[in-house]
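Note that ligands are numbered from 1 as they come in the structure, with each ligand's atoms numbered from 1 the same way. Every heavy atom of this structure was used, including side-chain atoms; hydrogens, water molecules and symmetry mates were not.
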Amino acid sequence: MLPDFEFSCSMFKKYGLELSELQYEKMDKYAEFLAEYNKNVNLTAITESKDILIKHFIDSILLTKYIDFPQGASLIDVGTGAGFPSVPLKIMRDDLKITLLDSLAKRITFLEKLCDIIGADAEFVHGRAEDISKMPEYREKFDFSCARAVANLSVLSELCIPFVKVGGHFLSLKGPNEEIDPALKAFNLLGGNVENSFDYDLESDQRRLIVIKKISQTPTKYPRNSSQIKKKPL
Ligand code: SAM
């Protein structure tokens with residue numbers, strides 16, 4: 001369950017966001033199902049209702065303040081876990097076409113059930129990003145790829161940039177300590193370029209959103225296999 005509608009609205013307002021009753025109801029159902037499912041399947045360490053509201057939902061939705069998602073844009077969420085950030089985004093922006101990718105089957109099963117409960121249309125993909133992005137139906141097919149709390153920026157770039165069309169963007173949701181400079185070589189090799197970075201506060205936490213624009217095709221040799229990526233980040 002989430003805190004009540006009034007309190008949830010006031011927290012949204014504090015961050016310049018607006019929440020309708022219908023969106024609140026969907027998030028409330030999401031929070032309830034997440035807490036219930038989390039008793040048997042490890043999905044999140046965040047379980048207090050106020051924390052779920054702020055650290056999962058508002059953190060995810062804050063993306064809409066910094067990114068102007070065109071109507072109907074496609075977005076793949078790499079290592080989505082329990083659906084963050086893309087499922088809360090979908091609740092706020094039903095026009096977005098979301099693809100939920102995770103290497104753990106039990107998380108994809110949770111997401112299929114969740115999206116059925118809250119009436120969210122999504123595509124579900126079980127697999128590792130480094131394998132899925134080699135498949136022609138997923139390679140350079142998305143307007144946006146995004147990831148929160150999956151890996152460091154160099155590793156993440158190799159997992160996420162191959163999914164993005166030239167002209168599209170990779171959105172990396174990070175904590176304040178993630179430096180951009182060590183990943184510049186990786187961006188360059190993968191066809192990306194830093195377009196922007198935003199620092200902002202979320203209650204007592206600091207967040208950093210890094211926006212990478214895809215400016216040229218990713219060479220077919222990327223991504224490498226997972227052991228190479230881990231052993232020798234670009
Ligand atoms: N993005 C979610 C969030 O912010 O709450 C989940 C973060 S969780 C710490 C990392 C997730 O990434 C896990 O669900 C894990 O299974 C998935 N993952 C890690 N490496 C992956 C890969 N190479 N391809 C696909 N999923 C991956």
In Å, rounded to the nearest 0.5 Å, how long is the span from CD1 of Ile212 to CG of Leu190?
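Spacing of CD1 (Ile212) from CG (Leu190) equals 10.0 Å.
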If we set the cut-off at 4.0 Å for heavy atoms, which region of Thr44 has an atom near ligand 1: side chain, backbone, both, or neither?
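None of Thr44 does.
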Interfacing atoms of ligand 1 (cut-off 4.0 Å, heavy-atom, [X]):
X      : answer
Ala129 : 22 (C), 23 (N), 24 (N), 25 (C)
Gly81  : 6 (C), 14 (O)
Glu130 : 22 (C), 23 (N)
Gly127 : 24 (N), 25 (C)

Is Lys90 reaching over with its side chain to a backbone N or O of Asp94, donor-acceptor style, under 3.5 angstrom?
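Between the backbone of Asp94 and the side chain of Lys90 there is a qualifying donor-acceptor contact (under 3.5 Å).
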Would you find a donor on one side and an acceptor on the other, under 3.5 Å apart, between the side chain of Arg139 and the backbone of Ser133?
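Yes, Arg139 side chain to Ser133 backbone: donor-acceptor pair under 3.5 Å.
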Between ligand 1 and [X], can you find any atom pair, the residue atom being a heavy atom, that is separated by under 4.0 Å?
X      : answer
Asp102 : yes
Ser226 : no
Ala149 : yes

May I ask you to check if ligand 1 and Val78 share an N or O to N or O distance below 3.5 Å?
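Looking only at distances, the answer is no, because the N/O contact criterion of under 3.5 Å is not met.
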Who gets closest to atom 18 (N) of ligand 1 by heavy atom: Ala45, Ser86, Ser103, Ala151?
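The nearest heavy atom belongs to Ser103.
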Under a 4.0 Å threshold between the charged nitrogen and the carboxylate oxygen, would Arg207 count as salt-bridged to Glu178?
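Salt bridge flag = no for Arg207 with Glu178.
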